[in-house]
Amino acid sequence: MTIVRFAPSPTGYLHVGGARTALFNWLYARNTGGKFILRIEDTDAKRSTQTATQAILDGLTWLGLDWDDGPYFQSERMSIYQKYAQKLIDENKAYYCTCSVDELDEQKKQAVSIGRAAGYDGRCRDTGAKQGVLRFKTPDGNTVFYDLFRDKFEFENSLIGDFVLVRSDGTPTYNFTCAVDDALMGMTHVIRGDDHIPNTPKQLMIFAALGFNPPKFGHLPLILGTDKSPLSKRHGAVSVMAYQEQGFLPEAMVNYLALLGWSTSDSQQLFSREEMIEKFSLKRITKNPAVFDMEKLQWMNGVYIKQAKPEELASLCKKLQKEETEGTEETKNIQLEEIIKLYQGRIKVLPELYSLADFFFSSEIHIPEEICQEILFKDGVQETLTETKNVLSALEMFDPVTIEEAIRTLAERLGIKAGDIIHPLRAVLTGKKVSPGIFEVCALLGQERVVQRLNATIER
RNA sequence: GUCCCCAUUGACUAGGGGUUAGGUCACCACCCUUUCAAGGUGGCGGCGGGGGUUCAAAUCCCCCUGGGGACGCCA
């Protein structure tokens, strides 16, 4: 059985890159019927926070990436790491080092100045010290592995140096805990960002020293911003949850993220979750870094919005809207769904609804001067509007078909184009030049409000 | 400085010795139409450069260039 994991450190929110890594692991586990484990790497007490842990859990949950096991917290597994550290000491595969930070800096500076690798040179190997940091006794030779997505990697061990396993305060470091846990938890594949490539030989050496069988490693390329530098705040939101707040649907986010580095042979773009799981394959992961493209995410979100059930969108909108909308509880609840039906083919993100359809949510509307000049103050328009009001207020049914019929009949009677009625009517009812079909808008607004808005304009 | 990774249109990518280099977003045009979207049709645009190997190179090899990563008692 394949066992994979997502192992974030809780030092911030779940960012886009981390989410993609989690997604690929999750997809692989689901595709193979394996197990997806969540492990929180919080060995650095100074930087880890409870808030960050929660944020990561929330992010994964929002995306629908459920884990089969965990979350494990490395901070709760200290005795395990201690045990293995002792084992390495006993077997003479690790030793204590008492070099000071200054000394280390100096040594590094020197090494670099003479063109040598910057790793620790192992000068404390034979001092027999009983305290300080515990360092791994990096063996001679090379460490080789075959990456799942790339070719062969070969590292010269001497360039890596004797790295730290346990800090002087007794807490273990990343490379050590990661290797121990990946071994103990039975990981078959480790899929992670390619910023971890330099760590892999270290972990491989730990596996070997401890007598564990290593998993297969695959390193995912980074996700870049539009200027091709690594994705950061400069490029907009990097936190996954920020996308939720901006009105993106988790399905769209997942679909988009999946395409950042993975593809099918026919370049299919839209996948249901099931389809994605079924078609996912490590063999089809690309090794070049991808630029995160907001435009495409927006397009995709628009597609998902269009396909979504109005009631689901309504409940998402209600969660998002906070205090930005006016209007009565009644309009919100009763009409929201109907409004959504009118707009779901037109918006890319949920909050757009509130700017485009604001005239549904407030009783008073404001018609910008520009629209008055351009549309309402033209010759004959006032008369047309009066006629329109008379026709509409007399209707007994107020559904789109009836309204359309009435308007078209009126246009014929007045000897003008239907558009000559529709455009002023739209301006009066919505305060905008663009809206969904005007007959639907009328019907949903209701006869009373339509007549009221017409009157308000005519009287001016 | 040392080690390492990457390179197909503006973006995501397919293709991996012989293709009119395919799809998607974006962009442009047209159709539809009460506007805007949506939808439909069509279009613009690409193998970073130089050397090899080969009858044949986007594809294999080398160099260059460009971009990125790592060199922590961070993960």
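In what follows, chains are A, B, ... by sequence order, proteins preceding strands, each numbered from 1. Worth saying up front: this structure is predicted, and the values here are computed from it rather than measured. Because only heavy atoms are used, hydrogens play no part in the values below, and waters and symmetry mates are left out as well, while side chains stay in.
Comparing C5(B) with C64(B), their P atoms are spaced 14 Å from each other, to the whole Å. Going from the C1' atom of C55(B) to that of G43(B) covers 37 Å, rounded to whole Å. Comparing the P positions of U9(B) and G15(B) gives a spacing of 16 Å, expressed to the nearest Å. A56(B) sits 34 Å from G42(B) when the C1' atoms are compared, rounded to a whole Å. Only the C1' atoms considered, G22(B) is 13 Å distant from C47(B), to the nearest whole Å. A distance of about 14 Å separates the P atoms of U35(B) and C30(B), rounded to the whole Å. With P as the reference atom, A7(B) and G52(B) are 24 Å apart, rounded to whole Å. Separating the P atom of U20(B) from that of C62(B) is a span of 29 Å, rounded to the nearest Å.
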Taking it one step at a time, do Lys287(A) and Asp147(A) satisfy salt bridge (charged side-chain N to carboxylate O under 4.0 Å, His left out)?
-> CA-CA 11 Å; Lys287(A) 56 192 171 183; Asp147(A) 190 272; over 6 Å; no

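Backbone-only contact: Pro289(A) has heavy atoms under 4.0 Å from sugar-phosphate atoms and none from a base. Using a 4.0 Å heavy-atom cutoff across all strands shown, Arg284(A) reaches sugar-phosphate atoms only and no base atom. When heavy atoms are screened at a 4.0 angstrom cut-off, Phe153(A) is found touching the sugar-phosphate backbone but no base atom. Within 4.0 Å (heavy atoms only), Thr43(A) reaches sugar-phosphate atoms of the nucleic acid but no base atom. Within the nucleic acid shown, Pro8(A) has no heavy atom closer than 4.0 Å to any nucleic acid atom. Base engagement by Ser435(A) is indicated by at least one non-hydrogen atom pair under 4.0 Å involving a base atom. Residue contacts shown for Leu259(A) are limited to sugar-phosphate atoms, with no base heavy atom under 4.0 Å away. Residue contacts for Ser168(A): at a heavy-atom cut-off of 4.0 Å it reaches a base atom on one of the strands shown. As judged by a 4.0 angstrom heavy-atom cut-off over every strand, Thr226(A) is placed among residues making no nucleic acid contact. Across all strands shown, Ala418(A) has no heavy atoms under 4.0 Å from either base or sugar-phosphate atoms. Counting any heavy atom pair closer than 4.0 Å across all strands shown, Val133(A) reaches a base atom. When heavy atoms are screened at a 4.0 angstrom cut-off, Glu295(A) is found touching the sugar-phosphate backbone but no base atom. Within 4.0 Å (heavy atoms only), Lys417(A) reaches no atom of the nucleic acid at all. Residue Ser267(A) is in base contact, counting any heavy-atom pair closer than 4.0 Å across all strands shown.
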Distance-only criterion, 3.5 Å: show the donor-acceptor pairs between side-chain atoms of residues 415-430 of chain A and protein atoms not counting sequence neighbours.
residue, atom, partner, partner atom, Å
Asp420(A), OD2, Lys417(A), N, 3.3
Arg426(A), NE, Ser435(A), OG, 2.8
Thr430(A), OG1, Arg426(A), O, 2.7
Thr430(A), OG1, Lys432(A), N, 3.0
Thr430(A), OG1, Lys432(A), O, 3.4

Which atom pairs, donor and acceptor, lie under 3.5 Å between side-chain atoms of residues 288-298 of chain A and protein residues at least two apart or in another chain?
residue, atom, partner, partner atom, Å
Asn288(A), OD1, Thr286(A), OG1, 2.4
Asp293(A), OD1, Glu295(A), N, 3.1
Lys296(A), NZ, Gln269(A), OE1, 2.7

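A cation-pi contact, defined as under 6.0 Å to the ring centre and within 45° of the axis, is absent between Arg284(A) and Phe280(A).
Checking side-chain atoms of Asp42(A) against main-chain N and O of Gln74(A) turns up a donor-acceptor pair under 3.5 Å.
In this structure, Asp151(A) and Leu260(A) both approach RNA chain B, and ranking their closest nucleotides by distance from the 5' end singles out Asp151(A). Each of Lys108(A) and Asn199(A) lies near RNA chain B, and the nucleotide nearest Lys108(A) is the one positioned closer to the 5' end.
Glu440(A) meets the salt bridge (charged side-chain N to carboxylate O under 4.0 Å, His left out) test with no other residue; sequence neighbours excluded. With sequence neighbours left out, the ring-ring contact (aromatic ring centres under 6.0 Å, His included) criterion links Phe6(A) to no other residue. Residues that satisfy the salt bridge (charged side-chain N to carboxylate O under 4.0 Å, His left out) test with Arg167(A), not counting sequence neighbours, are absent from this structure. Considering only residues two or more places apart in sequence or on other chains, Lys216(A) meets the salt bridge (charged side-chain N to carboxylate O under 4.0 Å, His left out) condition with none of them.
Of all nucleotides in RNA chain B having an atom under 4.0 Å from a heavy atom of chain A, the first and last in 5' to 3' order are G1(B) to A75(B).
Atoms CZ and CG, from Arg5(A) and Asn25(A) in turn, are 7.0 Å apart once rounded to the nearest 0.5 Å.
Among pairs with a residue in residues 70-88 of chain A, those fulfilling salt bridge (charged side-chain N to carboxylate O under 4.0 Å, His left out) read Arg77(A)-Asp181(A), Lys87(A)-Glu91(A), at least two apart in sequence or across chains.
Of the residues in residues 296-308 of chain A, those placing a heavy atom less than 4.0 Å from an atom of RNA chain B are Lys296(A), Trp299(A), Lys306(A), in numerical order.
A 3.5 Å limit on both hydrogen-bonding distances identifies U2(B) as the Watson-Crick or G-U partner of A70(B). Pairing for G46(B) is absent, with no Watson-Crick or G-U wobble pair whose two atom distances lie under 3.5 Å. Nucleotide A14(B) forms a pair with no other nucleotide shown, judged by Watson-Crick or G-U wobble geometry with both contacts under 3.5 Å.
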